[in-house]
Amino acid sequence: MEGVGGIVVETEAYEPDDPASHSFGGPTPRNATMFGPAGTLYVYRSYGIHWCANAVCADEGVGAAVLLRALEPTIGVDVMRARRGVEDVRLLASGPGRLTQALGITAEHDGRELGKPPFALDPPRAAVEVVASPRVGITRATDLPWRYSLAGSSFVSRPRPRA
DNA sequence: TTTACGATTAACT
DNA sequence: GTTAATCGTAAAG
């Protein structure tokens with residue numbers, strides 16, 4: 001099979017009420033996708049150089065989504081290595097910008113439906129242990145423990161979630 | 001039209 | 001640990 005993929009090991013939640021969320025204060029042209037139906041992909045550019053991917057997880061007009069922060073590469077690792085230019089598998093997608101670069105996600109994919117080509121989405125095959133911790137990289141509402149990562153995973157974007 | 005800022009990363013001291 | 005890179009979006013004039 002071609003393409004790339006892996007196991008999502010870290011996410012962050014964003015709601016309309018959240019001052020740190022793009023959807024805070026209502027829809028704008030930029031975050032329009034975030035208010036779309038659940039199951040779509042919201043892509044935005046950060047600091048002009050990085051792409052970040054969100055999975056919309058609320059009905060149309062709500063504006064809630066989860067930011068995909070880290071991924072454990074399992075499919076097409078070589079492709080990702082080539083794209084990222086790094087050897088260490090743990091660095092391939094350990095961060096929002098890195099994740100999108102490794103998967104080749106750009107504005108082209110904004111608004112696309114997850115679970116449909118070129119995307120595929122599968123439920124966890126086994127029980128997983130998730131830990132909540134404060135979010136990273138934002139300047140507002142940093143107290144909210146809405147960062148969810150796979151317990152014990154060495155692929156998360158930050159080594160020490162500070163349990 | 002102009003200006004300020006960001007859900008980041010990589011490089012440097 | 002600190003700082004620069006880089007550009008689309010939003011808010012102000």
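Letters A, B, ... mirror the listed sequences (proteins, then strands); counts begin at 1.
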- prompt: Does a donor on one side chain sit under 3.5 Å from an acceptor on the other, for A:N31 and A:S23?
  reply: no
message: Main chain of A:A141, side chain of A:R135: is a donor-acceptor contact present, judged purely on distance under 3.5 Å?
response: yes
message: For a quick test of reading the model: is some side-chain N or O of A:T139 closer than 4.0 Å to OP1 or OP2 of B:dA7?
response: yes
- prompt: Counting any heavy atom closer than 4.0 Å, what does A:R98 reach on the DNA or RNA strands: base, sugar-phosphate only, or nothing?
  reply: sugar-phosphate
task: Please work out which residues in residues 80-96 of chain A have a non-hydrogen atom less than 4.0 Å from an atom of DNA chain B and list them by number.
output: A:R84, A:G95, A:P96
message: Partner lookup for C:dT6, please. Criteria are Watson-Crick or G-U wobble with both distances under 3.5 angstrom; report none if nothing qualifies.
response: none
query: Is a side-chain donor-acceptor pair under 3.5 Å present for A:E10 with A:S157?
result: yes
statement: Across every strand shown, the nucleotide meeting Watson-Crick or G-U wobble geometry with B:dA7 (both distances under 3.5 Å) is none
- prompt: Which other residues end up in the same hydrophobic cluster as A:I138, if Ile, Leu, Val, Met, Phe, Trp and Tyr are linked when side-chain heavy atoms come under 4.5 Å apart?
  reply: A:Y14, A:M34, A:F35, A:Y42, A:Y44, A:V56, A:L67
query: If only side-chain N and O atoms of A:T28 are considered, is one of them under 4.0 Å from the OP1 or OP2 phosphate oxygen of C:dA10?
result: yes
message: Taking A:V136's backbone N and O only, do any of them form a donor-acceptor pair with A:E12's side chain (distance below 3.5 Å, no angle check)?
response: yes
message: If you compare every side-chain N and O of A:R45 against the phosphate oxygens of C:dC7 (OP1, OP2), does one of them come in below 4.0 Å?
response: no
- prompt: A:M34 has an atom CE; how far is it from atom C1' of C:dG8, in whole Å?
  reply: 17 Å
message: With the six-membered base ring of B:dA7 as reference, does the ring of A:Y44 sit under 5.5 Å away with planes under 30° apart?
response: no
field: Distance in angstrom units between A:E10 CD and B:dA7 P, rounded
entry: 16 Å
- prompt: Which of these passes side-chain contact (heavy atoms from CB on, under 4.5 Å) with A:L92: A:R84, A:R98, A:E87?
  reply: A:R84
query: Taking all non-hydrogen atoms of both residues, which atom of A:L99 and which atom of A:L71 are closest, and how far apart?
result: CD1-CB, 3.6 Å
message: Using the side-chain heavy atoms of A:Y47, tell me which of these nucleotides is nearest: C:dG8, B:dA7, B:dG6.
response: B:dG6
query: What's the closest nucleotide to the A:H50 side chain, out of B:dT8, C:dA10, B:dA7?
result: B:dT8
- line: By nearest-nucleotide position on DNA chain B, the 5'-leaning member of A:Q101 and A:H22 is A:H22
message: Starting the side chain at C-beta, find the nucleotide from C:dA10, B:dT8, B:dA7 nearest to A:I49.
response: B:dT8
